[in-house]
Amino acid sequence: STTPVTVTVTGAAGQIGYALLFRIASGAMLGPDTPVRLRLLEIPQAVKAAEGTAMELDDCAFPLLSGVDIYDSAEAAFDSVNVALLVGARPRGPGMERGDLLAANGGIFGPQGAAINKGAASDVRVLVVGNPANTNALIAASHAPDVPASRFTAMMRLDHNRALAQLAARAGVGVAAVSNVTIWGNHSAKQYPDIAHAVIGGRPAPSVIADDAWVADTFVPTVAKRGAAIIEARGASSAASAANAAIDHVRDWVLGTPEGSWTSVGLVSDGSYGVPEGLISGFPCVSRDGQWEIVQGLSVSESAQAGIDVSVGELVEERDAVRELGLI
Ligand code: NAX
(Lines give C-alpha, C1' and ligand atoms only; values in the text may rest on other atoms or scores of the structure.)
Protein backbone atom coordinates (compact mmCIF):
# COMPACT_ATOMS: atom_id res chain seq x y z
CA SER A 1 0.00 0.00 0.00
CA THR A 2 1.12 3.60 -0.41
CA THR A 3 -0.31 4.88 2.89
CA PRO A 4 2.69 5.62 5.10
CA VAL A 5 3.06 3.64 8.31
CA THR A 6 3.53 5.92 11.33
CA VAL A 7 6.53 4.85 13.41
CA THR A 8 7.26 6.63 16.70
CA VAL A 9 10.71 6.28 18.23
CA THR A 10 11.33 7.49 21.79
CA GLY A 11 14.84 8.38 22.91
CA ALA A 12 15.40 9.31 19.28
CA ALA A 13 18.45 11.44 20.03
CA GLY A 14 20.21 8.64 21.92
CA GLN A 15 22.75 6.25 20.53
CA ILE A 16 20.30 3.44 19.69
CA GLY A 17 18.00 6.02 18.10
CA TYR A 18 20.83 7.18 15.88
CA ALA A 19 21.51 3.62 14.74
CA LEU A 20 17.81 2.85 14.26
CA LEU A 21 16.17 5.76 12.44
CA PHE A 22 18.17 5.54 9.23
CA ARG A 23 17.49 1.85 8.83
CA ILE A 24 13.75 2.31 9.40
CA ALA A 25 13.72 5.10 6.82
CA SER A 26 15.64 2.95 4.34
CA GLY A 27 12.95 0.25 4.43
CA ALA A 28 14.87 -2.34 6.45
CA MET A 29 12.09 -2.69 9.00
CA LEU A 30 8.84 -2.70 7.03
CA GLY A 31 10.08 -3.72 3.61
CA PRO A 32 10.96 -1.97 0.35
CA ASP A 33 7.37 -1.11 -0.63
CA THR A 34 6.16 0.54 2.58
CA PRO A 35 6.59 4.29 3.07
CA VAL A 36 7.11 5.45 6.64
CA ARG A 37 6.39 8.59 8.58
CA LEU A 38 8.74 9.03 11.51
CA ARG A 39 7.82 10.66 14.80
CA LEU A 40 10.67 11.30 17.20
CA LEU A 41 9.92 11.72 20.92
CA GLU A 42 12.55 13.24 23.18
CA ILE A 43 12.83 15.13 26.43
CA PRO A 44 12.99 18.90 25.92
CA GLN A 45 16.78 19.10 26.49
CA ALA A 46 17.39 16.62 23.65
CA VAL A 47 14.97 18.05 21.08
CA LYS A 48 17.71 20.08 19.42
CA ALA A 49 19.86 16.97 18.94
CA ALA A 50 16.81 15.18 17.49
CA GLU A 51 16.41 18.07 15.06
CA GLY A 52 19.97 17.48 13.91
CA THR A 53 19.18 13.81 13.30
CA ALA A 54 16.06 14.84 11.35
CA MET A 55 18.24 17.10 9.17
CA GLU A 56 20.46 14.14 8.39
CA LEU A 57 17.40 12.00 7.60
CA ASP A 58 16.36 14.67 5.09
CA ASP A 59 19.87 14.63 3.63
CA CYS A 60 19.63 10.91 2.93
CA ALA A 61 16.75 11.57 0.51
CA PHE A 62 15.21 8.20 1.38
CA PRO A 63 12.47 7.49 -1.17
CA LEU A 64 10.34 5.71 1.47
CA LEU A 65 10.49 8.49 4.07
CA SER A 66 7.38 10.60 3.84
CA GLY A 67 8.12 12.91 6.78
CA VAL A 68 9.81 13.40 10.14
CA ASP A 69 8.23 15.20 13.11
CA ILE A 70 9.75 15.85 16.51
CA TYR A 71 7.87 16.00 19.81
CA ASP A 72 8.45 16.44 23.51
CA SER A 73 4.89 15.36 24.36
CA ALA A 74 3.96 11.69 24.42
CA GLU A 75 0.31 12.34 23.49
CA ALA A 76 1.28 14.13 20.30
CA ALA A 77 4.04 11.68 19.43
CA PHE A 78 1.79 8.61 19.72
CA ASP A 79 -1.25 10.04 17.95
CA SER A 80 -2.26 7.45 15.29
CA VAL A 81 0.97 5.50 15.75
CA ASN A 82 1.20 2.08 14.10
CA VAL A 83 4.62 1.00 15.37
CA ALA A 84 5.97 2.39 18.65
CA LEU A 85 9.60 1.77 19.57
CA LEU A 86 10.11 2.73 23.21
CA VAL A 87 13.86 3.18 23.45
CA GLY A 88 14.27 6.17 25.79
CA ALA A 89 14.52 5.18 29.43
CA ARG A 90 16.07 6.31 32.66
CA PRO A 91 19.44 4.60 33.15
CA ARG A 92 20.57 3.48 36.59
CA GLY A 93 22.69 6.26 38.09
CA PRO A 94 25.44 5.83 40.68
CA GLY A 95 24.03 4.67 43.99
CA MET A 96 20.50 4.39 42.61
CA GLU A 97 18.42 1.70 44.31
CA ARG A 98 16.33 -0.66 42.22
CA GLY A 99 13.15 0.89 43.59
CA ASP A 100 14.29 4.35 42.45
CA LEU A 101 15.09 2.97 38.99
CA LEU A 102 11.70 1.30 38.68
CA ALA A 103 9.92 4.42 39.92
CA ALA A 104 11.80 6.69 37.48
CA ASN A 105 10.92 4.39 34.59
CA GLY A 106 7.35 4.10 35.79
CA GLY A 107 7.18 7.87 35.39
CA ILE A 108 8.14 7.44 31.72
CA PHE A 109 6.39 4.21 30.65
CA GLY A 110 3.11 4.78 32.52
CA PRO A 111 2.30 8.04 30.72
CA GLN A 112 3.57 6.66 27.40
CA GLY A 113 1.27 3.63 27.78
CA ALA A 114 -1.63 5.99 28.54
CA ALA A 115 -0.83 8.10 25.46
CA ILE A 116 -0.77 4.95 23.30
CA ASN A 117 -4.10 3.91 24.79
CA LYS A 118 -5.58 7.29 23.95
CA GLY A 119 -4.31 7.93 20.48
CA ALA A 120 -2.68 4.93 18.80
CA ALA A 121 -4.02 3.30 15.64
CA SER A 122 -6.07 0.15 16.23
CA ASP A 123 -3.26 -2.03 14.83
CA VAL A 124 -0.56 -0.55 17.09
CA ARG A 125 2.47 -2.70 17.85
CA VAL A 126 4.77 -1.68 20.70
CA LEU A 127 8.35 -2.80 21.27
CA VAL A 128 10.03 -1.77 24.52
CA VAL A 129 13.83 -1.58 24.30
CA GLY A 130 14.55 0.74 27.25
CA ASN A 131 15.59 -1.15 30.37
CA PRO A 132 14.34 -2.83 32.47
CA ALA A 133 12.56 -3.68 29.23
CA ASN A 134 10.19 -6.46 30.37
CA THR A 135 8.91 -4.55 33.38
CA ASN A 136 8.74 -1.25 31.49
CA ALA A 137 6.56 -3.06 28.93
CA LEU A 138 4.37 -4.37 31.75
CA ILE A 139 3.96 -0.83 33.10
CA ALA A 140 3.09 0.58 29.67
CA ALA A 141 0.61 -2.23 28.96
CA SER A 142 -1.11 -1.75 32.31
CA HIS A 143 -1.77 1.91 31.38
CA ALA A 144 -3.32 0.86 28.06
CA PRO A 145 -6.41 -1.15 29.03
CA ASP A 146 -8.00 -0.75 25.58
CA VAL A 147 -5.01 -2.19 23.70
CA PRO A 148 -4.61 -5.99 23.74
CA ALA A 149 -1.73 -6.88 26.11
CA SER A 150 -0.13 -8.96 23.34
CA ARG A 151 0.65 -5.73 21.45
CA PHE A 152 3.16 -4.73 24.14
CA THR A 153 6.40 -6.64 23.68
CA ALA A 154 9.89 -6.42 25.20
CA MET A 155 13.08 -6.93 23.26
CA MET A 156 14.78 -10.31 23.69
CA ARG A 157 16.01 -10.33 20.08
CA LEU A 158 19.47 -8.94 20.80
CA ASP A 159 20.09 -11.78 23.24
CA HIS A 160 18.66 -14.20 20.67
CA ASN A 161 20.94 -12.93 17.91
CA ARG A 162 23.94 -13.03 20.24
CA ALA A 163 23.13 -16.69 20.95
CA LEU A 164 22.88 -17.51 17.22
CA ALA A 165 26.27 -15.89 16.62
CA GLN A 166 27.98 -17.75 19.49
CA LEU A 167 26.58 -21.11 18.35
CA ALA A 168 27.54 -20.51 14.72
CA ALA A 169 31.10 -19.58 15.70
CA ARG A 170 31.44 -22.67 17.91
CA ALA A 171 30.09 -24.98 15.18
CA GLY A 172 32.13 -23.29 12.45
CA VAL A 173 29.07 -22.52 10.29
CA GLY A 174 27.39 -19.35 9.09
CA VAL A 175 24.66 -17.87 11.30
CA ALA A 176 22.05 -18.66 8.64
CA ALA A 177 22.54 -22.36 9.45
CA VAL A 178 21.45 -21.83 13.08
CA SER A 179 17.84 -21.51 14.26
CA ASN A 180 15.38 -22.13 17.08
CA VAL A 181 17.40 -20.89 20.00
CA THR A 182 15.23 -19.57 22.85
CA ILE A 183 15.95 -16.80 25.35
CA TRP A 184 13.58 -17.39 28.25
CA GLY A 185 12.63 -15.02 31.04
CA ASN A 186 14.03 -11.58 31.70
CA HIS A 187 16.28 -9.45 29.48
CA SER A 188 18.94 -9.33 32.18
CA ALA A 189 22.02 -11.25 33.26
CA LYS A 190 19.57 -13.86 34.68
CA GLN A 191 18.08 -14.69 31.28
CA TYR A 192 18.05 -18.38 30.30
CA PRO A 193 19.52 -18.97 26.80
CA ASP A 194 18.41 -22.46 25.72
CA ILE A 195 19.78 -24.58 22.85
CA ALA A 196 17.82 -27.76 23.61
CA HIS A 197 15.65 -27.38 20.49
CA ALA A 198 18.08 -25.36 18.40
CA VAL A 199 19.08 -26.61 14.98
CA ILE A 200 22.50 -26.26 13.33
CA GLY A 201 22.74 -27.19 9.67
CA GLY A 202 19.57 -29.27 9.92
CA ARG A 203 20.78 -31.28 12.93
CA PRO A 204 19.95 -30.93 16.64
CA ALA A 205 22.30 -28.35 18.15
CA PRO A 206 23.06 -30.36 21.33
CA SER A 207 24.48 -33.22 19.23
CA VAL A 208 26.39 -30.88 16.89
CA ILE A 209 27.95 -29.01 19.81
CA ALA A 210 28.26 -32.21 21.90
CA ASP A 211 29.78 -30.38 24.84
CA ASP A 212 27.41 -29.74 27.75
CA ALA A 213 30.15 -28.10 29.79
CA TRP A 214 30.79 -25.52 27.04
CA VAL A 215 27.07 -24.78 26.86
CA ALA A 216 26.69 -24.32 30.62
CA ASP A 217 30.01 -22.69 31.45
CA THR A 218 30.81 -20.65 28.34
CA PHE A 219 27.81 -20.22 26.03
CA VAL A 220 25.18 -19.24 28.61
CA PRO A 221 27.34 -16.69 30.49
CA THR A 222 28.80 -15.28 27.26
CA VAL A 223 25.31 -14.54 25.91
CA ALA A 224 23.91 -13.33 29.23
CA LYS A 225 26.86 -11.02 29.96
CA ARG A 226 27.50 -9.84 26.42
CA GLY A 227 26.12 -6.37 27.13
CA ALA A 228 28.74 -5.83 29.84
CA ALA A 229 31.51 -7.16 27.54
CA ILE A 230 30.49 -4.65 24.85
CA ILE A 231 30.64 -1.78 27.34
CA GLU A 232 34.06 -2.97 28.49
CA ALA A 233 35.41 -3.12 24.92
CA ARG A 234 33.66 -0.15 23.31
CA GLY A 235 33.34 2.21 26.24
CA ALA A 236 29.64 2.52 25.43
CA SER A 237 26.68 0.14 25.50
CA SER A 238 25.44 -1.84 22.50
CA ALA A 239 23.79 0.47 20.02
CA ALA A 240 23.92 -0.72 16.41
CA SER A 241 23.29 -4.33 17.43
CA ALA A 242 20.39 -3.24 19.63
CA ALA A 243 18.91 -1.20 16.78
CA ASN A 244 19.37 -4.16 14.44
CA ALA A 245 17.54 -6.43 16.87
CA ALA A 246 14.64 -3.97 17.09
CA ILE A 247 14.43 -3.93 13.28
CA ASP A 248 14.45 -7.77 13.18
CA HIS A 249 11.75 -7.97 15.88
CA VAL A 250 9.31 -5.60 14.17
CA ARG A 251 10.00 -6.96 10.67
CA ASP A 252 9.19 -10.51 11.79
CA TRP A 253 6.13 -9.31 13.72
CA VAL A 254 4.68 -7.54 10.70
CA LEU A 255 5.90 -9.79 7.87
CA GLY A 256 6.08 -13.18 9.68
CA THR A 257 8.82 -15.52 10.86
CA PRO A 258 10.25 -17.95 8.29
CA GLU A 259 8.44 -21.31 8.10
CA GLY A 260 9.87 -23.81 10.57
CA SER A 261 11.82 -21.37 12.71
CA TRP A 262 11.07 -19.28 15.74
CA THR A 263 12.57 -16.31 17.50
CA SER A 264 12.62 -14.98 21.07
CA VAL A 265 10.11 -12.34 22.13
CA GLY A 266 9.20 -10.76 25.43
CA LEU A 267 5.45 -11.46 25.31
CA VAL A 268 2.66 -11.46 27.86
CA SER A 269 2.41 -14.92 29.40
CA ASP A 270 -0.70 -17.05 29.04
CA GLY A 271 0.70 -19.37 31.70
CA SER A 272 2.78 -21.44 29.27
CA TYR A 273 5.91 -23.18 30.58
CA GLY A 274 5.09 -22.31 34.17
CA VAL A 275 5.43 -18.56 33.61
CA PRO A 276 2.76 -16.79 35.69
CA GLU A 277 0.01 -15.30 33.54
CA GLY A 278 0.41 -11.62 32.80
CA LEU A 279 4.20 -11.39 33.14
CA ILE A 280 6.09 -10.20 30.07
CA SER A 281 8.68 -12.93 29.62
CA GLY A 282 10.98 -14.20 26.91
CA PHE A 283 9.37 -17.10 25.01
CA PRO A 284 9.97 -18.98 21.75
CA CYS A 285 7.56 -17.29 19.36
CA VAL A 286 6.43 -17.44 15.76
CA SER A 287 4.65 -14.64 13.98
CA ARG A 288 1.59 -15.57 11.89
CA ASP A 289 -0.84 -13.12 10.30
CA GLY A 290 0.80 -10.24 12.13
CA GLN A 291 0.54 -11.76 15.61
CA TRP A 292 3.06 -13.38 17.92
CA GLU A 293 2.21 -16.88 19.14
CA ILE A 294 4.12 -18.77 21.83
CA VAL A 295 5.48 -22.06 20.46
CA GLN A 296 3.70 -24.70 22.54
CA GLY A 297 4.56 -28.22 23.59
CA LEU A 298 8.35 -28.08 23.66
CA SER A 299 9.91 -30.56 26.05
CA VAL A 300 11.72 -28.78 28.88
CA SER A 301 14.28 -30.69 30.95
CA GLU A 302 14.45 -30.30 34.71
CA SER A 303 17.61 -28.22 34.48
CA ALA A 304 16.13 -25.99 31.77
CA GLN A 305 12.98 -25.46 33.85
CA ALA A 306 15.20 -24.48 36.79
CA GLY A 307 16.96 -21.91 34.59
CA ILE A 308 13.62 -20.54 33.36
CA ASP A 309 12.26 -20.40 36.90
CA VAL A 310 15.23 -18.36 38.17
CA SER A 311 14.79 -15.77 35.46
CA VAL A 312 11.00 -15.69 35.83
CA GLY A 313 11.50 -15.28 39.59
CA GLU A 314 13.30 -12.03 38.86
CA LEU A 315 10.36 -10.88 36.72
CA VAL A 316 7.99 -11.71 39.57
CA GLU A 317 10.11 -9.61 41.95
CA GLU A 318 10.13 -6.67 39.55
CA ARG A 319 6.36 -6.95 39.05
CA ASP A 320 5.77 -7.07 42.79
CA ALA A 321 8.03 -4.04 43.27
CA VAL A 322 6.22 -1.92 40.68
CA ARG A 323 2.87 -3.07 42.07
CA GLU A 324 4.03 -1.96 45.52
CA LEU A 325 5.01 1.42 44.06
CA GLY A 326 1.55 1.76 42.50
CA LEU A 327 3.00 1.77 38.98
CA ILE A 328 0.76 -1.02 37.69
P1 NAX B 1 21.06 6.87 25.38
O2 NAX B 1 21.24 7.38 26.76
O3 NAX B 1 22.10 7.09 24.35
O4 NAX B 1 19.68 7.47 24.80
C5 NAX B 1 18.50 7.48 25.51
C6 NAX B 1 17.68 8.66 25.03
O7 NAX B 1 16.41 8.59 25.63
C8 NAX B 1 18.29 10.02 25.41
O9 NAX B 1 18.44 10.81 24.24
C10 NAX B 1 17.26 10.61 26.36
O11 NAX B 1 17.15 12.03 26.24
C12 NAX B 1 15.99 9.91 25.90
N13 NAX B 1 14.92 9.90 26.88
C14 NAX B 1 15.00 9.78 28.22
N15 NAX B 1 13.78 9.88 28.78
C16 NAX B 1 12.90 10.03 27.77
C17 NAX B 1 11.50 10.19 27.72
N18 NAX B 1 10.77 10.23 28.82
N19 NAX B 1 10.93 10.32 26.50
C20 NAX B 1 11.66 10.32 25.38
N21 NAX B 1 13.00 10.19 25.36
C22 NAX B 1 13.61 10.03 26.55
O23 NAX B 1 20.72 5.33 25.54
P24 NAX B 1 20.79 4.16 24.45
O25 NAX B 1 22.14 3.60 24.41
O26 NAX B 1 20.18 4.65 23.18
O27 NAX B 1 19.87 3.06 25.13
C28 NAX B 1 18.49 3.26 25.31
C29 NAX B 1 17.90 2.17 26.20
O30 NAX B 1 18.04 0.89 25.60
C31 NAX B 1 18.55 2.06 27.58
O32 NAX B 1 17.52 1.92 28.55
C33 NAX B 1 19.32 0.76 27.49
O34 NAX B 1 19.51 0.17 28.75
C35 NAX B 1 18.43 -0.04 26.60
N36 NAX B 1 19.01 -1.23 25.95
C37 NAX B 1 18.23 -2.32 25.80
C38 NAX B 1 18.65 -3.46 25.14
C39 NAX B 1 17.77 -4.64 24.98
O40 NAX B 1 18.23 -5.65 24.44
N41 NAX B 1 16.48 -4.63 25.38
C42 NAX B 1 20.03 -3.55 24.60
C43 NAX B 1 20.67 -2.22 24.38
C44 NAX B 1 20.38 -1.17 25.44
O45 NAX B 1 21.25 -1.38 26.53
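What's counted below: heavy atoms across the whole structure, side chains too, no hydrogens, waters or symmetry copies. Ligands are counted one by one from 1 in listed order, and the atoms in each one are counted from 1 as well.
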Just list the side-chain donor-acceptor pairs under 3.5 Å for residues 82-97, sequence neighbours left out, or say none.
{"from": "Asn82", "atom 1": "OD1", "to": "Thr6", "atom 2": "N", "distance (Å)": "2.8"}
{"from": "Asn82", "atom 1": "ND2", "to": "Asp123", "atom 2": "OD1", "distance (Å)": "2.9"}
{"from": "Arg92", "atom 1": "NH1", "to": "Met96", "atom 2": "O", "distance (Å)": "3.3"}

Output the rest of the hydrophobic cluster of Val199: all Ile, Leu, Val, Met, Phe, Trp and Tyr residues reachable through side-chain heavy-atom contacts under 4.5 Å, sorted by chain and number.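 Members alongside Val199: none; it stands by itself.
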Members other than Val310 in its cluster, when Ile, Leu, Val, Met, Phe, Trp, Tyr link by side-chain heavy atoms under 4.5 Å?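 Cluster partners of Val310: none, it stands alone.
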Salt bridge or not for Glu317 and Arg98, using N-O below 4.0 Å?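 Salt bridge between Glu317 and Arg98, a charged N being under 4.0 Å from a carboxylate O: yes.
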Is Lys118 paired with Asp79 through a side-chain N to carboxylate O contact shorter than 4.0 Å?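 Here Asp79 does not pair with Lys118 in a salt bridge, since their nearest N and O are not under 4.0 Å apart.
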Write down, by chain and number, every protein residue that brings a non-hydrogen atom to less than 4.0 Å from an atom of ligand 1.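 Within 4.0 Å of ligand 1, protein side: Gly11, Ala13, Gly14, Gln15, Ile16, Leu41, Glu42, Ile43, Ala46, Val87, Gly88, Ala89, Ile108, Gln112, Val129, Gly130, Asn131, Met155, Leu158, His187, Ser237, Ser238, Ala242.
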Are Pro193 and Val181 side-chain neighbours, meaning at least one heavy-atom pair lies under 4.5 Å?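 Side chain of Pro193 against side chain of Val181, heavy atoms only: no contact under 4.5 Å found.
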